[in-house]
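Chain identifiers are assigned alphabetically (A, B, ...) following the order of the sequence lines, protein sequences preceding nucleic acid strands; residue numbering begins at 1 within each chain. In this text, all values refer to a predicted model and were calculated from it rather than measured experimentally.
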Number of protein chains: 2
Amino acid sequence: MNTPFSIIIADDHSMFLDGLTSILSEEKSIKIVLTAKTGTQVLKYLRINTEEKIDLVITDINMPEMDGIELNTAIKDEFPKVKTLVVSMLEDAKKIKILTEANTNGYISKNAEKTELLKAIKSILNGENYFSPRIKQILMEAMFSAKSEPEISLSKRETEVLKLIAQEFTTQEIADKLFLSKHTIESYRKNLISKLGVRNLAGLTRYAVEKGMLE
Amino acid sequence: MNTPFSIIIADDHSMFLDGLTSILSEEKSIKIVLTAKTGTQVLKYLRINTEEKIDLVITDINMPEMDGIELNTAIKDEFPKVKTLVVSMLEDAKKIKILTEANTNGYISKNAEKTELLKAIKSILNGENYFSPRIKQILMEAMFSAKSEPEISLSKRETEVLKLIAQEFTTQEIADKLFLSKHTIESYRKNLISKLGVRNLAGLTRYAVEKGMLE
DNA sequence: TGAATTATCACGGTTTTCAGTGAAAACAAA
DNA sequence: TTTGTTTTCACTGAAAACCGTGATAATTCA
């Protein structure tokens with residue numbers, strides 16, 4: 001019989017880690033060589049055990065220290081032969097896009113059935129990529145809707161002023177805080193309003209909060 | 001040997017469900033009689049199989065149709081003999097508090113180790129409740145910090161006006177929309193500002209967004 | 001180096017918000 | 001039935017925001 005495939009699993013939720021390990025240990029063609037809770041642990045292992053052939057790294061996206069996206073790019077950069085499969089809770093189009101651009105070999109949701117998980121793993125180990133139909137669909141939708149959002153980019157100053165506005169400071173206060181003229185801040189407010197397509201302070205504030213620009 | 005304990009597991013992420021099943025099927029004292037993806041499935045099963053003795057329901061909080069909190073209260077209401085263990089991703093003090101008040105028998109995080117999971121299950125099956133140290137700590141902190149938040153309650157109209165303000169409507173527009181005088185809306189705005197302890201529209205908007213009053 | 005973007009400032013006029021103060025009617029709860 | 005809350009409306013003066021329409025210097029980047 002062939003030697004089993006060597007797999008690393010990374011997820012910060014130990015229960016999920018244990019569960020996945022338990023599921024995969026039933027598969028005789030798979031050998032789990034490491035389970036890790038952070039991306040850094042995985043990278044460290046790969047760097048130390050360079051002589052060991054690792055076939056696949058299964059990773060979550062949300063992890064402390066080094067998340068799945070960073071881990072993925074690092075692996076593809078340093079160990080291009082190692083395949084990666086992302087198993088994530090979220091179905092965030094942007095993150096999926098970044099991951100595909102970083103040459104992830106597969107992406108499935110934690111909603112996926114066990115059979116789909118095994119299918120994905122086998123496909124990848126066979127040299128094919130695997131993205132579940134749902135993920136493909138989300139990617140497609142993102143492609144189309146992306147064009148409708150022309151990506152508003154704000155300069156440093158604009159961002160700074162916007163934050164202060166959303167924090168309830170008045171024009172005069174912001175001017176004092178930044179050692180600028182009150183007129184300057186007024187210009188910024190005006191620009192921000194037209195740039196972001198909103199009508200007033202409320203709109204600016206909502207934009208700032210929803211984009212997570214505060215705290 | 002004793003008859004094994006009958007357990008139901010509910011979680012909308014099938015991978016987690018499979019993982020947990022896989023872990024627990026190693027335990028001989030445990031028999032998994034049902035795995036479900038929604039709370040309603042669990043309730044339906046309990047209602048049909050009334051003669052069957054179910055010892056424990058392990059459930060996530062976030063689930064479609066009927067979440068873990070509703071499921072828990074329903075179980076405690078209809079089937080008080082059935083124990084419940086909540087296994088959740090989130091460590092939200094409020095939800096934990098609601099669950100303890102609804103007589104949940106245990107609460108552990110998905111961060112918990114396998115050993116802790118088994119410990120929790122065994123404790124509960126032995127008639128004790130189990131809350132992990134971390135959860136206890138969060139609960140304690142919530143108790144103390146709760147007093148610092150004096151629970152601001154807004155009336156229907158106040159909420160309505162606040163929403164419209166946060167949606168960038170001017171006083172006049174809101175007045176027209178609600179068939180009220182402009183002065184009335186001004187009063188509401190003023191009251192809201194002092195009630196919520198903010199300074200201006202930005203503060204009101206932030207409050208509305210952060211409380212999830214919009215969508 | 002030249003073009004584009006960013007950062008800065010200015011002014012007059014209009015609208016809106018903010019702060020203070022007050023009050024009447026409707027309604028629910030105790 | 002009294003008390004409290006909610007909903008409704010009104011006026012004033014000051015402050016701030018909003019609108020239009022500029023301009024100049026600094027920086028960045030192609």
Could you tell me which residues satisfy salt bridge (Lys or Arg N to Asp or Glu O under 4.0 Å) with B/E158, sequence neighbours excluded, listed by chain and number? B/K195
Taking atom P of C/dT17 as reference, at what distance in whole Å does atom CD of A/E168 sit? 16 Å
Quick one: list whatever passes side-chain hydrogen bond (donor to acceptor under 3.5 Å, both in side chains) with A/E78, sequence neighbours left out. A/R47
Sequence neighbours excluded, the answer for side-chain hydrogen bond (donor to acceptor under 3.5 Å, both in side chains) partners of A/T104 is A/N72
What is the distance from CZ of B/R189 to P of C/dG20, rounded to the nearest Å? 14 Å
Please report the distance, rounded to the nearest Å, between CD in B/E173 and C1' in C/dT17. 14 Å
Rounded interatomic separation in angstrom, taking CG from A/L201 and P from D/dA15: 18 Å
Residue pairs involving residues 118-139 of chain B (criterion salt bridge (Lys or Arg N to Asp or Glu O under 4.0 Å); sequence neighbours excluded): B/E27-B/K122, B/E91-B/R134
Separation of C/dC18 C1' from B/L192 CG (nearest whole Å): 13 Å
Whole-Å gap separating C1' (C/dC9) and CG (A/D176): 15 Å
With the side chain defined as heavy atoms from C-beta on, A/I193 is closest, among D/dC19, C/dT17, C/dC18, to D/dC19
Over all strands shown, is B/Q172 touching base, sugar-phosphate only, or nothing at heavy-atom distances under 4.0 angstrom? nothing
Applied to residues 52-66 of chain A, the salt bridge (Lys or Arg N to Asp or Glu O under 4.0 Å) test, sequence neighbours excluded, yields A/K53-A/D55, A/D60-A/K110
Under the criterion side chain to side chain donor-acceptor pair (under 3.5 Å), I'd like the reasoning laid out for A/E116 against A/Y130: C-alpha separation, chi angles, the key distance, then a yes or no. CA-CA 10 Å; A/E116 193 183 3; A/Y130 185 91; 3.0 Å; yes
Write down the distance between CG (B/L204) and P (D/dA17), rounded to a whole number of angstrom. 14 Å
Can you find a side chain N or O atom of A/R199 that sits less than 4.0 Å from OP1 or OP2 on D/dC18? no
What pairs of nitrogen or oxygen atoms, one from the protein and one from nucleotides 3-10 of chain D, lie under 3.5 Å apart?
from: D/dT7; atom 1: OP1; to: B/R157; atom 2: N; distance (Å): 3.4
from: D/dT7; atom 1: OP2; to: B/S155; atom 2: OG; distance (Å): 2.0
from: D/dT8; atom 1: OP1; to: B/R157; atom 2: NE; distance (Å): 3.3
from: D/dT8; atom 1: OP1; to: B/R157; atom 2: NH2; distance (Å): 2.8
from: D/dT8; atom 1: OP2; to: B/R157; atom 2: NE; distance (Å): 2.5
from: D/dT8; atom 1: OP2; to: B/Y188; atom 2: OH; distance (Å): 3.3
from: D/dC9; atom 1: OP2; to: B/S181; atom 2: N; distance (Å): 2.7
from: D/dC9; atom 1: OP2; to: B/T184; atom 2: OG1; distance (Å): 2.8
from: D/dC9; atom 1: O5'; to: B/T184; atom 2: OG1; distance (Å): 3.2
from: D/dC9; atom 1: N4; to: B/S187; atom 2: OG; distance (Å): 2.7
from: D/dA10; atom 1: OP2; to: B/S181; atom 2: OG; distance (Å): 3.1

Taken to the nearest whole Å, CD/A/E186 to P/D/dT21 is 17 Å
Compare all side-chain heavy atoms of B/I7 with those of B/I58 and state whether any distance is below 4.5 angstrom. yes
